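Got a structure here, written out as structure tokens. Questions coming.
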Amino acid sequence: LLIAFLAWLSFPAFAAAPSAVNPRQTWQLLDYVAVDYGAAVKSGSVASEAEYAEMREFAGAVRTQLAALPSTPGQAGLIAQADQLVTAVESKADARHVADLAHRLADGLLANYPVGAVPATPPDPARGAQLYAAQCTACHGPAGHGDGPAAASLDPPPIAFTDATRAAQRSPFALYEAISQGIQGTAMTGFSSLPEADRWALAFYVGSLSHSPQMRAEGEALWRDAPAWHQRIPTLEALTRTSEADLIGAGSQDTQARAIIAYLRGQPQAVQTAASGVAAVQSLALARQRMA
């Protein structure tokens with residue numbers, strides 16, 4: 001009887017083992033497809049064999065990981081979207097189309113499998129600067145140009161955070177995930193041992209390295225004088241999920257979107273300050289953010 005009982009105990013534990021797939025990793029793969037596919041395929045032709053092979057691998061991994069996640073009512077729809085993404089990558093579709101597919105799927109993934117990654121308080125970019133100097137300059141360089149003393153020996157080379165085109169595609173959440181988990185196939189290891197607040201501080205700091213002091217000053221004036229921006233980015237959570245490309249895609253002028261992001265990445269507490277005086281709907285959003 002004891003042997004049978006022990007066998008009975010062990011079976012459900014094995015059968016109910018949690019999925020090894022982390023939806024945050026799946027989201028990160030989608031973010032990289034959205035940002036990097038344009039360097040792999042141009043005008044329907046492969047521009048870089050290595051990059052294209054990576055994009056195919058990532059798109060296929062997304063499809064596999066989605067199928068391995070716990071069942072939800074929206075899982076089948078996500079898998080269908082992943083099939084569309086795989087087909088688009090295989091057919092060397094236009095980069096904007098692939099990015100749109102990847103972003104929509106990433107948003108759907110978070111809606112069905114919430115990861116709860118929201119900073120508890122506004123990140124401190126000054127703390128981020130200290131951490132960057134201690135942890136990141138060897139590879140990414142003192143100013144974020146990707147030219148640190150170790151950069152020459154790394155393949156692929158470190159990201160240049162000052163690359164404005166690439167930076168425009170990245171939200172603080174995307175940077176936070178890369179800092180937390182690392183990037184597969186590169187020398188970038190995860191820094192999960194750092195406190196969460198430090199990882200958010202780093203994400204906001206490196207996300208500001210492509211912005212000039214003039215952009216930040218212009219953004220501060222826009223945030224102060226144009227309250228409509230407060231509705232576009234009403235909470236700290238919204239700020240963490242918003243990139244320059246998101247604002248531009250929603251109809252904002254390139255220069256204004258860039259200035260707003262430049263200011264708020266350097267002064268994220270401004271979102272909370274603005275939210276404290278807005279209408280009831282936005283106040284509820286602020287309450288939700290603070291409860292989280």
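We count residues from 1, following the sequence as given. Keep in mind the model is a prediction, meaning the values are calculated, not measured.
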Check: What's the shortest heavy-atom distance between Gly182 and Gln28, and which atoms?
Finding: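 So the two residues come closest at O-NE2, 3.0 Å.
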Next item on the list: May I ask you to test the Trp229-Gln256 pair for a side-chain heavy-atom distance under 4.5 Å?
Entry: yes
Note to self: Are Thr242 and Leu264 packed together at the side-chain level, in the sense that at least one heavy-atom pair is separated by less than 4.5 angstrom?
What the structure shows: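 The answer is no, as the side chains (C-beta and beyond) never meet within the 4.5 Å cut-off.
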Notebook entry, point to check: Pro119 versus Leu236: any side-chain heavy-atom pair under 4.5 Å?
Noted result: yes
Margin query: Please tell me whether Phe204 and Met215 are part of a single hydrophobic cluster in this structure, the criterion being side-chain heavy atoms less than 4.5 Å apart.
Written below: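 No, Phe204 does not connect to Met215 through the hydrophobic network.
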Check: On the ring face of Tyr263, is Arg216 found with NZ or CZ under 6.0 Å from the centre and within 45° of the axis?
Finding: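 Arg216 over Tyr263 ring: no.
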Check: Where do Gly219 and Ile260 come nearest, in terms of heavy atoms and distance?
Finding: O-CD1, 3.8 Å
Checklist line | Matching residue for Gln84 among Val89, Leu101, Leu105 - test: side-chain contact (heavy atoms from CB on, under 4.5 Å) | finding: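 Of the listed options, the one satisfying the test is Leu101.
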Next item on the list: Decide yes or no on side-chain contact (heavy atoms from CB on, under 4.5 Å) for Thr186 and Ile183, but give the supporting numbers first.
Entry: CA-CA 6 Å; Thr186 75; Ile183 302 172; 3.5 Å; yes
Checklist line | Interatomic spacing from CG in Asp94 to NZ in Lys42 - rounded to 0.5 Å | finding: 11.0 Å
Note to self: Can you tell me how far apart CD (Gln181) and CG (Asn22) are? Round to the nearest 0.5 Å.
What the structure shows: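 Answer for the CD-CG pair, Gln181 versus Asn22, is 5.5 Å.
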Notebook entry, point to check: Are side-chain heavy atoms of Gln130 and Tyr205 found at a separation under 4.5 Å?
Noted result: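 Of all side-chain heavy-atom pairs linking Tyr205 with Gln130, none is under 4.5 Å.
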Margin query: Would you compute the distance between atom CG of Leu239 and atom OG of Ser171 and round it to the nearest 0.5 angstrom?
Written below: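 Output value for this atom pair is 9.5 Å.
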Notebook entry, point to check: Does the pair Gln169 and Ser243 meet the rule for a side chain to side chain donor-acceptor pair (under 3.5 Å), with working shown?
Noted result: CA-CA 6 Å; Gln169 305 293 324; Ser243 67; 5.9 Å; no
Checklist line | Inter-residue atom distance Asp254.CG - Ile248.CD1, 0.5 Å rounding | finding: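 It comes to 4.0 Å.
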Checklist line | Check: Ala93 main-chain N/O paired with His97 side-chain donor or acceptor under 3.5 Å | finding: no
Checklist line | Backbone N/O of Gly207 and side chain of Arg265: donor-acceptor pair under 3.5 Å | finding: yes
Check: Are Leu154 and Ile179 co-members of a hydrophobic cluster defined by side-chain heavy atoms under 4.5 Å apart?
Finding: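 Result: no, two separate clusters.
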Note to self: Are Phe58 and Val86 linked, directly or through intermediate hydrophobic residues, by side-chain heavy-atom contacts shorter than 4.5 Å (ILVMFWY only)?
What the structure shows: no
Margin query: Please give me the minimum heavy-atom distance between Leu202 and Gly128, naming the atom from each residue.
Written below: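 Answer, listing the atom of Leu202 first, then Gly128: CD2-O, 3.7 Å.
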Next item on the list: Calculate, to the nearest 0.5 Å, the distance between atoms CG and NE2 belonging to Leu85 and His103 respectively.
Entry: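 The NE2 atom of His103 is 11.0 Å from CG of Leu85, to the nearest 0.5 Å.
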Note to self: I need the single residue from Asp83, Ile79, Asn112 that forms a side-chain contact (heavy atoms from CB on, under 4.5 Å) with Leu66. Which is it?
What the structure shows: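 Between Leu66 and the candidates, side-chain contact (heavy atoms from CB on, under 4.5 Å) is satisfied uniquely by Ile79.
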Margin query: As an exercise, state the distance from CZ of Phe191 to SG of Cys136, rounded to the nearest 0.5 Å.
Written below: 5.5 Å
Check: Would you say the side chain of Gln65 lies within less than 4.5 Å of the side chain of Leu29, judging by non-hydrogen atoms?
Finding: yes
Next item on the list: Tell me, with the steps shown, if Asp163 and Ser210 meet side-chain contact (heavy atoms from CB on, under 4.5 Å).
Entry: CA-CA 6 Å; Asp163 181 342; Ser210 66; over 6 Å; no
Item checked: Student check: side-chain heavy atoms of Trp200 and Thr121 closer than 4.5 Å ->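 No, their side chains stay 4.5 Å or more apart.
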Check: Taking the six-membered ring of Tyr32, is the NZ or CZ of Arg170 close enough (under 6.0 Å from the centre) and on axis enough (within 45°)?
Finding: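 So Arg170 does make the cation-pi contact.
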Margin query: Arg241 vs Leu110, test: side-chain contact (heavy atoms from CB on, under 4.5 Å). Steps then yes/no.
Written below: CA-CA 11 Å; Arg241 303 291 173 88; Leu110 292 183; 3.3 Å; yes
Note to self: Using ring centroids (six-membered ring only for Trp), state whether Tyr113 and Trp27 fall under 6.0 Å.
What the structure shows: no
Margin query: Count I, L, V, M, F, W, Y as connected when their side-chain heavy atoms are under 4.5 Å apart, and connections chain through other members. Are Phe173 and Val35 then in the same cluster?
Written below: no
Note to self: Tell me the closest heavy-atom pair linking Pro268 and Pro123, and the distance in Å.
What the structure shows: CG-O, 3.2 Å
Checklist line | Donor-acceptor contact below 3.5 Å, side chain Glu177 vs main chain Pro172 | finding: no
Next item on the list: If the plane angle is over 60° it's perpendicular, under 30° parallel, otherwise tilted; pick one for Phe161 and Tyr132.
Entry: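 Geometry flag for Tyr132 against Phe161: perpendicular rings.
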Check: Would you call Arg96 and Asp100 a side-chain contact if the rule is heavy atoms closer than 4.5 Å?
Finding: yes
Note to self: Counting C-beta onward and ignoring hydrogens, is there a side-chain heavy-atom pair between Glu51 and Tyr37 closer than 4.5 Å?
What the structure shows: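 Result no, sub-4.5 Å side-chain heavy-atom pair not found.
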Checklist line | Test log, rule side-chain contact (heavy atoms from CB on, under 4.5 Å), inputs Leu109 and Val62 | finding: CA-CA 11 Å; Leu109 175 66; Val62 165; over 6 Å; no
Note to self: Please check: side-chain N/O of His140 versus main-chain N/O of Ile159, any donor-acceptor pairing under 3.5 Å?
What the structure shows: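 Yes; at least one donor-acceptor contact below 3.5 Å.
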Note to self: More than 12 heavy atoms of other residues, nucleotides or ligands under 6.0 Å from CZ of Arg166: yes or no?
What the structure shows: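 Correct, the count exceeds 12.
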Margin query: Count I, L, V, M, F, W, Y as connected when their side-chain heavy atoms are under 4.5 Å apart, and connections chain through other members. Are Leu131 and Val206 then in the same cluster?
Written below: yes
Note to self: Can you give me the closest heavy-atom contact between Ala270 and Trp223, atom names plus distance?
What the structure shows: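 Smallest interatomic distance, heavy atoms only, reads O-NE1, 3.5 Å.
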Checklist line | Taking every non-hydrogen atom, the tightest pair across Pro234 and Ala238 | finding: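 In terms of heavy atoms, the two residues are closest at CD-CB, 3.8 Å.
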